[in-house]
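Quick notes on the structure that follows.
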2 protein chains.
Amino acid sequence: MASPSRPPGRPRSSVDAEVFAATLRTVHELGYTRATVDRIAAAAGIAKTTIYRRWPSKGALVTACLVDAFGPLPLAGRDREEDLAAAVRFGARRIAEPGVAAAFAGVFTDAIGDPGLREILSTQLQDPYRQVLTEVLGLSEQRVLFFIDVVIGTLLHRMGMTGEPMVESDVDALIQMLQRELR
Amino acid sequence: MASPSRPPGRPRSSVDAEVFAATLRTVHELGYTRATVDRIAAAAGIAKTTIYRRWPSKGALVTACLVDAFGPLPLAGRDREEDLAAAVRFGARRIAEPGVAAAFAGVFTDAIGDPGLREILSTQLQDPYRQVLTEVLGLSEQRVLFFIDVVIGTLLHRMGMTGEPMVESDVDALIQMLQRELR
DNA sequence: CGGTATCGATACTAGTCGTAGCGAAACCCG
DNA sequence: CGGGTTTCGCTACGACTAGTATCGATACCG
């Protein structure tokens, strides 16, 4: 049996939540580039070396932060249209949270020329939603990936161009457009 | 009258095209972050200082490069649906060109916390297409901006997540989805 | 109390953006 | 042809950042 007993030595202090919060806060205030690991560590009240003991790079830290910030997709709709609408609104709310869009753009930029980071991004962040949505919406995986591209891409492009989240009426239009694709 | 005569002194050498080409090439090979201004200048065969005499920052250079790479929108369709399809295919072709998507992501990242750069991005890159499409498609400006978010955002998200351009069948699906919105 | 692994702090390397200063080169005009 | 003006290439530089190395101190287990 694999022993589930704790390994010897000083245990890791449970500061992941503080680090994630400090990361989003710093990225929100300064942007991805100027959100240095030094500043994030200071904002979290820990040493920079502690961060590098847990995440191999700034990009991996921010990706983990995004995974934590998005969390599981709450789906309790009565039909596919309701679930789709809930998923879009979920994405819109998350991307509107301070720092999330900036973190996303930064990770995309870093992921170019860093296949490992892109792999993490695709596997850790996108795949869970792809799986759930494939099941709930009853669509092919290709179709679900297309939907994710449309939803997240549209919301991020609006944030990148204007610096403001998409207004609710446009989110409604996005939902309607995709719901028509279900029929 | 404003005299159109050439100002005194040594004229600027016409190397903008070489610089743009070198920028895209370098960003394609190394990604936005590692595409340093030094390397771009070397690839273009000029000095780094010459670049900084013409563009105030790396972000402004890459934005100008994108404006040049996209160019005017060729619209010769017989109706709105054809023009919309042509516009989407135009965007898909441009974003699939080597380096363009990486440059886009990098500029978005830099534009956060640099309102001047975001202004350039919105004015120089998005506004021309917004104007043309507003006229050709006969939609409100808000609606056209929504369309641009969907098209460019979707295509960029696919490139950011997979590193590969969107396949043609998905581009077709994108066109059909938006054409339905015209009715 | 001894063993082990983490923590904080500091220092360091390698690399990056953007600027300054200089002599040389290119163009215009008289 | 020569003087005036501006850009060019080159080198050097200051400020900042990602990521690594090191070391004493600390927390937990048996």
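Computed from a prediction, not measured in an experiment: that's the story for all the values here. In what follows, every chain begins at residue 1, and chains take the letters A, B, ... in the order their sequences are listed.
In this structure, F108(B) and H157(A) have perpendicular ring planes: the angle between them is above 60°, well past the 30° mark. By the 30° and 60° cut-offs, the orientation of the rings of F104(A) relative to F70(A) is perpendicular.
V151(A) meets the side chain to side chain contact (heavy atoms under 4.5 Å, CB included) test with V88(A), L155(A), L178(A); sequence neighbours excluded.
The nearest heavy atom of DNA chain D to T50(B) and to P11(A) marks one nucleotide each, and the one closer to the 5' end goes with T50(B).
Inter-residue side-chain proximity for S169(A) and Q142(B) is flagged as met; some heavy-atom pair is nearer than 4.5 Å.
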Check nucleotides 28-30 of chain C for protein N or O atoms closer than 3.5 Å to its own N or O atoms and list the pairs.
residue, atom, partner, partner atom, Å
dC28(C), OP1, R6(B), NH1, 2.8

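A salt bridge does not link R158(A) with E164(A): none of the charged nitrogens is closer than 4.0 Å to a carboxylate oxygen.
Contacts between residues 101-122 of chain A and DNA chain C, counted as heavy-atom distances below 4.0 Å, involve no residue at all.
What separates CD1 of I51(B) from P of dC8(D) is a distance of 11 Å, to the nearest Å. Here dT6(D) presents its P atom at 16 Å from CZ of R54(B), a figure rounded to the nearest Å. We find that CD1 of I46(B) is positioned 16 Å from C1' of dA25(C), with the value rounded to whole Å.
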Audit row: R89(B), D172(B), side chain to side chain contact (heavy atoms under 4.5 Å, CB included) steps and yes/no: CA-CA 9 Å; R89(B) 290 196 203 284; D172(B) 291 340; 2.9 Å; yes

L84(A) vs R80(A), side chain to side chain contact (heavy atoms under 4.5 Å, CB included): CA-CA, chis, key distance, verdict: CA-CA 6 Å; L84(A) 176 58; R80(A) 298 195 304 164; over 6 Å; no

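Note on residues 20-40 of chain B: pairs passing side-chain hydrogen bond (donor to acceptor under 3.5 Å, both in side chains), not counting sequence neighbours, are Y32(B)-D110(B).
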B/S/- contact track for nucleotides 17-25 of chain D, protein heavy atom under 4.0 Å: SSBBB----

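Closest heavy-atom contact between A102(A) and V27(A): CB-CG1, 3.6 Å.
Taking a 4.5 Å side-chain heavy-atom cut-off between Ile, Leu, Val, Met, Phe, Trp and Tyr, the cluster of V37(B) extends to V15(B), V19(B), F20(B), I40(B), I46(B), I51(B), Y52(B), W55(B), L61(B).
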